[in-house]
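Inspection log for the structure reproduced underneath, given as structure tokens.
Indexing begins at 1, ligand by ligand and atom by atom, following the structure's order.
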Amino acid sequence: METKLISVMESEIEEKDSLLREAGEILKNGGLVAIPTETVYGLGGDALNKASSQKIYAAKGRPSDNPLIIHVADMESVEKIVTGVSTQARKVADAFWPGPLTMIFPKAEIVPYETTGGLDTVAVRMPSHPVARRVIAYAGGYVAAPSANTSGKPSPTLAKYVMEDMNGKIDMVIDGGEGDIGLESTIVDMTVSPPQILRPGYITKEMLEELLGEIDVDRTILRNDTGDRPKAPGMKYRHYAPKGELTIISGSQDAVIEYINDNARKAMAEGKRVGIIGSDEAIAGYVGDSVKNVGSKSDELSIGRSLYRILREFDEENIDVIYSESFGSEGMGQAIMNRLLKAAGHQLIEV
Ligand code: AMP
Ligand code: MG
């Protein structure tokens, strides 16, 4: 299959409206289109068409028990795919939609089990990205869109990485530049009381607590030794993984730099290529083949935005061994550490 790559930046949606209509038509006809969102690129298909959902799993190589998130553009659409919107869910929607937050609801019959991975619940998100919103509207209102990467690889934050994974497998890729957030949406299960965070993201536990009171967090988010199964089926898979072996080093800044440099020198002496993920604050101190500044510890948004791009760049540079600093696990740091720990297969060393 020929994959059509088009470019529509936020500022161009009016002049390029006909291209977005074409994307909507492809989706309506059961095809797949990768779309930019404020989190990561999504691999879109018509969420109410089971054949489209099956195509998404095939294109990603994704296990079919890992459900898809349905993207909508307005609240009326939500009401048609769930059995009811609770007062609490409405509050969350008012506060954080459109935006990087997904809620789990009991599903309405119209939603095929192919989309929900066999579950009786459905994940719904209303993105804020204007290109995504317009494509969803032109597609008929319901776009299932998991991250547009091959299953197991870091989620794509740039269209070139979508093309790397999906060229020849889907109908169209819309390049909309780099998203603001760079990490997947927060997922909160509204079918349990108190509501429970299944995947951390830009919308934090603290932000949800301020609105709703008590919020639970799935314990498996930052640990792999609880013996529990993650409640979001997708969180149990090794994810976000670069090709190089990643280890996270935690401790005082000086100790971390010393440890990383010692080990980087040893690995380089063995002929390995070493990549380092450092903060703005410490970056000048590192020695490695590829030393990358992920952003400032005082600006977690900058770290979230760069993380997946850096993991992909290490793949492009054939890096064998990667060391990363550790980051705080409060606020958005929880999302950053969740993705980093998964990318590292939970290899974390305290120095
Ligand atoms: P992705 O869109 O690729 O970032 O992955 C979607 C995530 O949402 C996966 O971790 C899924 O397991 C999770 N998810 C989707 N639907 C549900 C659901 N009904 N219940 C729990 N988790 C879900
Ligand atoms: Mg994903």
Which of the numbered atoms in ligand 1 are below 4.0 angstrom from a heavy atom of Ile69?
2 (O), 6 (C), 8 (O)
Ranking Pro67, Pro63, Ser155 by closest non-hydrogen atom to atom 14 (N) of ligand 1, top hit is Pro67
Has Arg125 got a side-chain atom pairing as donor or acceptor with Ile69's backbone, closer than 3.5 angstrom?
no
At less than 4.0 angstrom from any non-hydrogen atom of Leu198, what atoms of ligand 1 do you find?
21 (C)
Quick note on ligand 1: atoms under 4.0 Å from a heavy atom of Thr121 include exactly 18 (C), 19 (N), 20 (N)
Using a 4.0 Å cut-off to any heavy atom of Ala123, which atoms of ligand 1 qualify?
15 (C), 16 (N), 17 (C)
Where ligand 1 meets Asn66 - atom numbers and elements under 4.0 angstrom, heavy-atom basis:
9 (C), 11 (C), 12 (O)
Between the side chains of Asn149 and Asp165, is a donor N or O closer than 3.5 angstrom to an acceptor N or O?
no
Salt bridge (charged side-chain N to carboxylate O under 4.0 Å, His left out) with Glu178: of Arg305, Arg309, Lys160, only one passes, and it is Arg309
Kindly identify the option in Glu184, Arg62, Arg199, Arg125 whose heavy atom sits closest to atom 3 (O) of ligand 1.
Arg62
Counting only N and O atoms by type, is there a donor-acceptor contact under 3.5 Å from the side chain of Thr3 to the main-chain atoms of Gly168?
yes
Number the atoms of ligand 1 from 1 as they appear, then name those within less than 4.0 Å of a heavy atom of Pro146, with their elements.
1 (P), 2 (O), 3 (O)
Scan side-chain atoms only and decide if Ser18 and Arg21 contain a donor-acceptor pair under the 3.5 Å cut-off.
no
Could you list which atoms of ligand 1 come closer than 4.0 Å to a heavy atom of Ile187?
7 (C), 8 (O), 13 (C)
Around atom CD of Glu15, are there more than 12 heavy atoms of other residues, nucleotides or ligands at under 6.0 Å?
yes
Main chain of Ser77, side chain of Asp74: is a donor-acceptor contact present, judged purely on distance under 3.5 Å?
yes
Shortest non-hydrogen contact from Arg90 to Val85?
NH2-CB, 3.4 Å
Between Asp189 and ligand 1, which residue portion shows a heavy-atom distance shorter than 4.0 Å: side chain, backbone, both, or neither?
neither
Could you tell me which atoms of ligand 1, counted from 1 in the order shown, lie closer than 4.0 angstrom to a heavy atom of Leu119?
18 (C), 19 (N), 20 (N)
